[in-house]
Amino acid sequence: DGFQLSVRFFEELASELDMPAVRIGAITFNHSFAVASPLTSERSELQARLAQMRYEPGETKLAGPLHLASDMLFCRTAASGLRDRAVIVIVHGDPSDIEEAMREAHLLKSRGARLLFLQVGSSVRQEVVRQSASSPAERFCFVVPTYKDLPTAQPEVLSRVVQLSQQVRRARCTVDFATSLEAGQVQQVTELDAIPGFELMVPGWREVCPAGCPDGDHGWMWDPSNQVCLASPIAARWDAHCRPIELPEPELESQDFSAQVTVCATNSAVQTESSVPARASREAQTDPVVKVSLTPRRHAQLDLVVCIDNSASISLARHLNTEDGAVAESGTFRRIKDFVEMLACAVHMKDIRLALVRFEAQQEVICELTHDLDMFRASLRSVTASLGTTNLAPPVWQGLGMLGGSSAEAKAILLVTDGDPNDLEEASEAASALQACGAQMLIVRVARDDDGILHSCRRCFGLAELARPSQAIANGEVSAVAETPSPEAQRALFEVADDSPALTALVPVLLRRMLRVS
């Protein structure tokens, strides 16, 4: 019964080991000894051989099996010297060859093997076992009262003879991004997975543990809403397919680029083109150490004043079908208001404030600068046609006054009209003052024509003079009518046909000119 319990203990011990990484053999002994299972990495083979083991009575001699175990572990066909080697001896009584057994135990330990004794009962003299086992003896000698108690020793036995290989799951180091940026050591790349080296898990990733997963079996989720993300000095132009994340109101204090990072391995491949600060790029003589992949964070703050021309030429219907000759709003004017509403809905109101001014001979503020989209849309719908003429200077001066106290990172005035103003000289003076305060002035000229053909911009010399360079949009297509405006241009004229598709196509064009994304 004790022998079968020993075999069962051996089977349970082997089931806890990672085969084929671990190879296991078995020797039976009394006054003689034999290999019950050679060293094998196949679990099924080991189990089959253990099932064939049978008890044979006899006296206890230990020197022979220890010598055989040494041959099995250190023979030429065994694995390289880098493998750990251990011998576990289950013994019930004193061996009759104590001196020979202790000599073989010493030789086995001198070759680098760990020798562990599992003593059943109290009939074995402790000094024999302690002198034969590896040092310290208290770690490699275990005593259980009976064979039934062998399973209680299993965890301790495994912890003494099995060592676990480890891999780096997380690591931390301090990276001074501010210094790296100044030295040109941070570089934006398109395909980060193609860059050789280790990946930095920058702030913004959050460790998560799905329900039901064991402790330590965690994953990572990108969660930038906690505002711990690193801000990059490289800004990007707004893009229709690129939506910044929704964040709480941003902190405007200077960003600390020092961060704790987590390291994990990545693949290697070819580096792509980059975009780095010009000064750093010129000064850097070596390839940047850190390659980064950027993601949109938020729109740069913008205050935009939209000025709608509601003079007679653009807001009144040309042909009135009413018998009393009542004033009727033109289809052009309705389409312009729809266009402005589309533009307002396309921006993120949390970072962008909109204001609305209507103008003809005089100007009127319909909506002050606000984050409230519903308020702006309601104000827009309240604008009606008027009988006045087109003067551009009043709304520009009005817009300049509204933007003068703004702390936004960007400021702009958008003028929507249908032709040259009657006060070109005054409007030019106002535009120059606007440019001096660092604000953009974008002019949208809706080419109102009965046959739908876009008027040539040469017929609007005044608008062309106010905003250079200019470009035109006809039938939903953008075409340059002068040199293409640079991103830094503070004035621009956009010619657009009087139809909904062309006006809709103009929205992303304007957003790209006005908006920048951190």
Side-chain angles (χ1 to χ4, degrees), residues 2-3 5-14 16-17 22-39 53 55-75 78-79 81-164:
F3 180 79
L5 290 173
S6 297
V7 174
R8 188 180 305 167
F9 168 74
F10 189 19
E11 290 175 335
E12 293 175 354
L13 195 74
E16 295 293 330
L17 299 175
V22 176
R23 300 191 308 160
I24 303 174
I27 297 173
T28 58
F29 69 95
N30 44 32
H31 55 277
S32 62
F33 54 91
V35 176
S37 173
L39 282 173
M53 293 173 62
Y55 170 71
E56 294 181 8
E59 64 175 314
T60 302
K61 288 190 175 182
L62 190 55
L66 290 179
H67 184 84
L68 178 58
S70 179
D71 288 344
M72 293 173 63
L73 292 175
F74 294 98
C75 66
L82 296 178
R83 294 182 71 95
D84 288 331
R85 296 171 172 86
V87 176
I88 301 174
V89 180
I90 301 177
V91 62
H92 184 261
D94 277 339
S96 59
D97 56 348
I98 292 179
E99 292 185 4
E100 294 85 349
M102 294 181 64
R103 184 167 53 250
E104 289 294 338
H106 176 74
L107 291 174
L108 185 62
K109 291 183 291 183
S110 68
R111 300 183 74 176
R114 288 192 293 275
L115 183 55
L116 183 147
F117 281 85
L118 189 52
Q119 174 187 335
V120 180
S122 58
S123 59
V124 181
R125 286 180 292 174
Q126 284 289 311
E127 64 272 15
V128 174
V129 173
R130 294 178 66 86
Q131 292 180 31
S132 300
S134 295
S135 298
E138 59 271 14
R139 287 179 51 84
F140 292 92
C141 294
F142 298 92
V143 180
V144 294
T146 66
Y147 282 100
K148 292 182 180 180
D149 298 308
L150 282 173
T152 62
Q154 178 179 302
E156 292 295 328
V157 170
L158 287 173
S159 68
R160 300 298 187 269
V161 299
V162 178
Q163 295 190 43
L164 299 178

Spacing of Leu73 atom CG and Arg23 atom CZ [to the nearest 0.5 Å] | 8.5 Å
Sequence-distant partners of Ala153, side-chain contact (heavy atoms from CB on, under 4.5 Å), two or more places apart = Leu118, Val144, Val157
Who are the side-chain hydrogen bond (donor to acceptor under 3.5 Å, both in side chains) partners of Thr146, not counting sequence neighbours?
-> Asp149
Please report, to 0.1 Å, the donor-acceptor pairs under 3.5 Å made by any side chain of residues 121-131, with sequence neighbours excluded.
unit_1 : atom_1 : unit_2 : atom_2 : d
Ser123 : OG     : His92  : O      : 2.5
Arg125 : NE     : Asp94  : OD2    : 3.0
Gln126 : NE2    : Gln119 : OE1    : 2.7

Sorted by chain and residue number, the side-chain contact (heavy atoms from CB on, under 4.5 Å) partners of Pro38 (sequence neighbours excluded) come out as Val35, Glu45, Arg49
Is the backbone N or O of Ser132 less than 3.5 Å from a side-chain atom of Lys109, with the two atoms forming a donor-acceptor pair by type?
-> yes
Can you list the residues that meet the side-chain contact (heavy atoms from CB on, under 4.5 Å) rule with Ser6, with sequence neighbours excluded?
-> Ile90, Tyr147, Leu150
Could you grab the distance from atom CZ of Phe142 to atom CG of Leu116, nearest 0.5 Å is fine?
-> 5.0 Å
Excluding sequence neighbours, so at least two apart, what forms salt bridge (Lys or Arg N to Asp or Glu O under 4.0 Å) with Arg160?
-> Glu156
Pairs satisfying side-chain hydrogen bond (donor to acceptor under 3.5 Å, both in side chains), at least one member in residues 25-37, at least two apart | Asn30-Ser32
Might you confirm whether atom CD of Glu11 has over 12 heavy atoms from other residues, nucleotides or ligands at distances under 6.0 Å?
-> yes
Straight-line distance of Glu12 CD to Leu158 CG, nearest 0.5 Å = 11.0 Å
Side chains of Val162 and Asp84: closer than 4.5 Å at any heavy-atom pair?
-> no
Could you give all pairs that pass the salt bridge (Lys or Arg N to Asp or Glu O under 4.0 Å) test and reach residues 112-123, with sequence neighbours left out?
-> none
Return the minimal non-hydrogen interatomic distance between Ala105 and Leu115, and the atom names on each side.
-> CB-CD2, 3.5 Å
Phe74 side chain near Leu108 side chain, heavy-atom distance below 4.5 Å = yes
Residues forming a side-chain contact (heavy atoms from CB on, under 4.5 Å) with Pro136, sequence neighbours excluded = Glu138, Arg139, Phe140
Using the side chain to side chain contact (heavy atoms under 4.5 Å, CB included) rule, take Val7 and Phe3 through it: C-alpha gap first, then chi angles, then the decisive distance, then the call.
-> CA-CA 6 Å; Val7 174; Phe3 180 79; 3.8 Å; yes
Mind listing the side-chain donor-acceptor pairs of residues 57-70 below 3.5 Å, one per line with the distance, residues two or more places apart or on another chain?
unit_1 : atom_1 : unit_2 : atom_2 : d
Glu59  : OE1    : Ser96  : OG     : 3.2
His67  : ND1    : Glu104 : OE1    : 3.2
Ser70  : OG     : Arg111 : NH1    : 2.9

